[in-house]
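Accompanying notes for the structure given below.
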Protein chains: 2
Amino acid sequence: MESVFHKVDCLHCRLSALCLPYGLRPDEISRLENIVQRKRPIKADDYLYRQEDQCLSLFAVKSGSFRSFISNADGNEQTVGFYLPGELMGLDSFKNGRFHCSVVALETSTVCELPLSRLNELSNKIPNLQAQLLRIVGTQIVSDHDKIVLLGNRSATEKMATFLLMLSQRYSALGFSSTEFNLTMHRHDIANFLGLTIETVSRQLSVLSKKGVITVKQRGVQINNLDSLKTIVEPCLPNSFKFVS
Amino acid sequence: MESVFHKVDCLHCRLSALCLPYGLRPDEISRLENIVQRKRPIKADDYLYRQEDQCLSLFAVKSGSFRSFISNADGNEQTVGFYLPGELMGLDSFKNGRFHCSVVALETSTVCELPLSRLNELSNKIPNLQAQLLRIVGTQIVSDHDKIVLLGNRSATEKMATFLLMLSQRYSALGFSSTEFNLTMHRHDIANFLGLTIETVSRQLSVLSKKGVITVKQRGVQINNLDSLKTIVEPCLPNSFKFVS
DNA sequence: CGCTCCCTTGAATGAGTTCAAGGCGCGTGG
DNA sequence: CCACGCGCCTTGAACTCATTCAAGGGAGCG
């Protein structure tokens, strides 16, 4: 029988090393596949879910990118993070079963849906899955802490350079170029995420551009001198942090 | 046989509703108790653990308070959070088995140590424990996101008011006064946590003091007008947020 | 008593914001 | 195919809030 959902194949998914199947044996992966649902693509600016919605599933990014944000009483938003392929969205719902962020697609994107009821069931049976889930949760916490450090005491220049380098590294981990990629989010989103204004972001990009460190063409960014960026960022990084060279 | 460790009694611990035993049956709690170790008190400024240390145990605050922070390459620190009784420290180690923050005591404090090996073992056997661990992890993520929102686009006044209100609520949840408590951390720590300078923190406290909203005596703070604080903070809060009145 | 540490207060400075205008790319419609 | 208009981004100039620099107060302790 034809399903409205596409066939799910975690075993051969190039993202599996970054995603939930990591560390699982092939037979365990196939059990995981059985509970995963692939939905139709989500268009740019469409919501994946909204703050306060009941969480029935976690979502892994299959392709594209997403932005998560928290809306405040005064109508403002604070962007909390950007999600790239292989990353898991909805972990904040573990607190009380509701999402604490809204998530929208930045471009046409697809997700793998993981129904919580079945995921819980399965992770009780597969210790490796349980372990990987906790690893992912720990990764989320560490990355949130890095954001706190970034927002805490850093200049606009440092914030901008860090932002570019983080994207560079994440794309690189996905097998994409670390020196040439698109900023799928708007300048507004970058600014909001970094605790800056859109004008400041624009100016910082200009400065880096004029120095020849990067080349900006609309949404496309090319990093001409990774080392310059690293030099800007280095003093702000945790002692533990090591750039992949 | 006398142990160097004190007798652990989660069942009658007044913190159990906030801590790991929450949601467990009495028999499950007693199994948890068996793996918990109480160590001798930690003095102010002593490290509980250091960034990069291998994580063999999680720690729950039994009494006192702690500060967690990340050290950067340039020798600066960024305070990431403050821990009060009932809260679990070390969750960031789930990423790769190492702590990503350092934690020091702000005053003489005690902790309950939860050896990871035995905790993992036990949580595989007790689904309720597993569930509560995920709830706590989710709570940590949500609270980190709240910090990101706070640091992102808020004025010094809003940051300061939010900080005081958050403490007020956390103390209140612990059964302490919500209007009178000590700031166990230094001004420097508050400033660093909020992404401000120590002078700005001092000035903000003075302003609130002169308005009569709070009374500050050294480390002691008395909130004279909770509503004024809430009025300052309200526009910055997630839509979902409701103050306990 | 004198020292130190921590905090407060004042005045000058400056990084980033705000306000304002203009440019560029792109889709739509003439 | 070009003109127009819109959304998004860039740039400039004035301003502002927090920082920086500097000095002083006060609690705690030897």
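Every heavy atom of this structure was used, including side-chain atoms; hydrogens, water molecules and symmetry mates were not. The sequence lines fix the lettering, A, B, ..., with proteins before strands; numbering per chain opens at 1. Note that the structure is predicted; figures quoted are calculated from it, not measured.
Atom-to-atom, NZ of A:K159 to P of C:dG16 comes out at 8 Å; the value is rounded to the nearest Å. Between B:M160 atom CE and C:dC7 atom P the separation is 12 Å, expressed in whole Å. Rounding to whole angstrom units, CG of residue A:L205 and P of D:dT11 are separated by 10 Å. In this structure, the NE2 atom of B:H188 is 17 Å from the C1' atom of C:dT8, given to the nearest Å. With rounding to whole Å, A:N182 atom CG is found 13 Å from D:dC9 atom P. For B:R203 and D:dT20, the CZ to C1' distance is 9 Å, given to the nearest whole Å. In this structure, the CZ atom of B:R219 is 11 Å from the C1' atom of C:dC5, given to the nearest Å. Rounded to a whole Å, the CG atom of A:L151 is 15 Å from the C1' atom of C:dG16.
Applying the salt bridge (Lys or Arg N to Asp or Glu O under 4.0 Å) rule to pairs touching residues 173-196 of chain A yields A:R67-A:D189, sequence neighbours excluded.
Salt bridge present: B:D74 and A:R154 bring a charged side-chain N and a carboxylate O closer than 4.0 Å. Look at A:R170 and A:E87 and you find a salt bridge, because one of the NZ, NE, NH1 or NH2 atoms lies within 4.0 Å of a carboxylate O, short of that distance. In this structure, A:E52 does not pair ionically with A:R98, as no charged nitrogen and carboxylate oxygen lie closer than 4.0 Å. Using a cutoff of 4.0 Å between basic side-chain nitrogens and carboxylate oxygens, A:K147 and A:D144 are scored as salt-bridged.
Under the 4.5 Å side-chain criterion, counting only non-hydrogen atoms from C-beta, B:I141 is not in contact with A:F94.
Here A:F82 and A:F193 bring their ring centres to under 6.0 angstrom of each other.
No option in A:L208, A:L164, A:T162 other than A:L208 meets the side chain to side chain contact (heavy atoms under 4.5 Å, CB included) test with A:I232.
Here A:R187 reaches the OP1 or OP2 of D:dT10: one of its side-chain N or O atoms lies under 4.0 Å away.
Summary of the strand contacts: A:S202 and A:N153 both lie near DNA chain D, and taking for each the nucleotide with the nearest heavy atom, the more 5' one is attributed to A:S202.
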Quick test: give all pairs of protein nitrogen or oxygen and nucleotides 22-30 of chain D nitrogen or oxygen below 3.5 Å, distance rounded to 0.1 Å.
none

Quick one: which protein N/O atoms are closer than 3.5 Å to N/O atoms of nucleotides 15-18 of chain D? Pair and distance per line, please.
{"residue": "D:dA18", "atom": "OP1", "partner": "B:A156", "partner atom": "N", "Å": "2.7"}

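Which of C:dC6, D:dT11, D:dT19 sits closest to the side chain of B:H186 comes down to C:dC6.
Classified by interplanar angle (parallel below 30°, tilted 30° to 60°, perpendicular above 60°), the ring pair A:F59/A:F99 is tilted.
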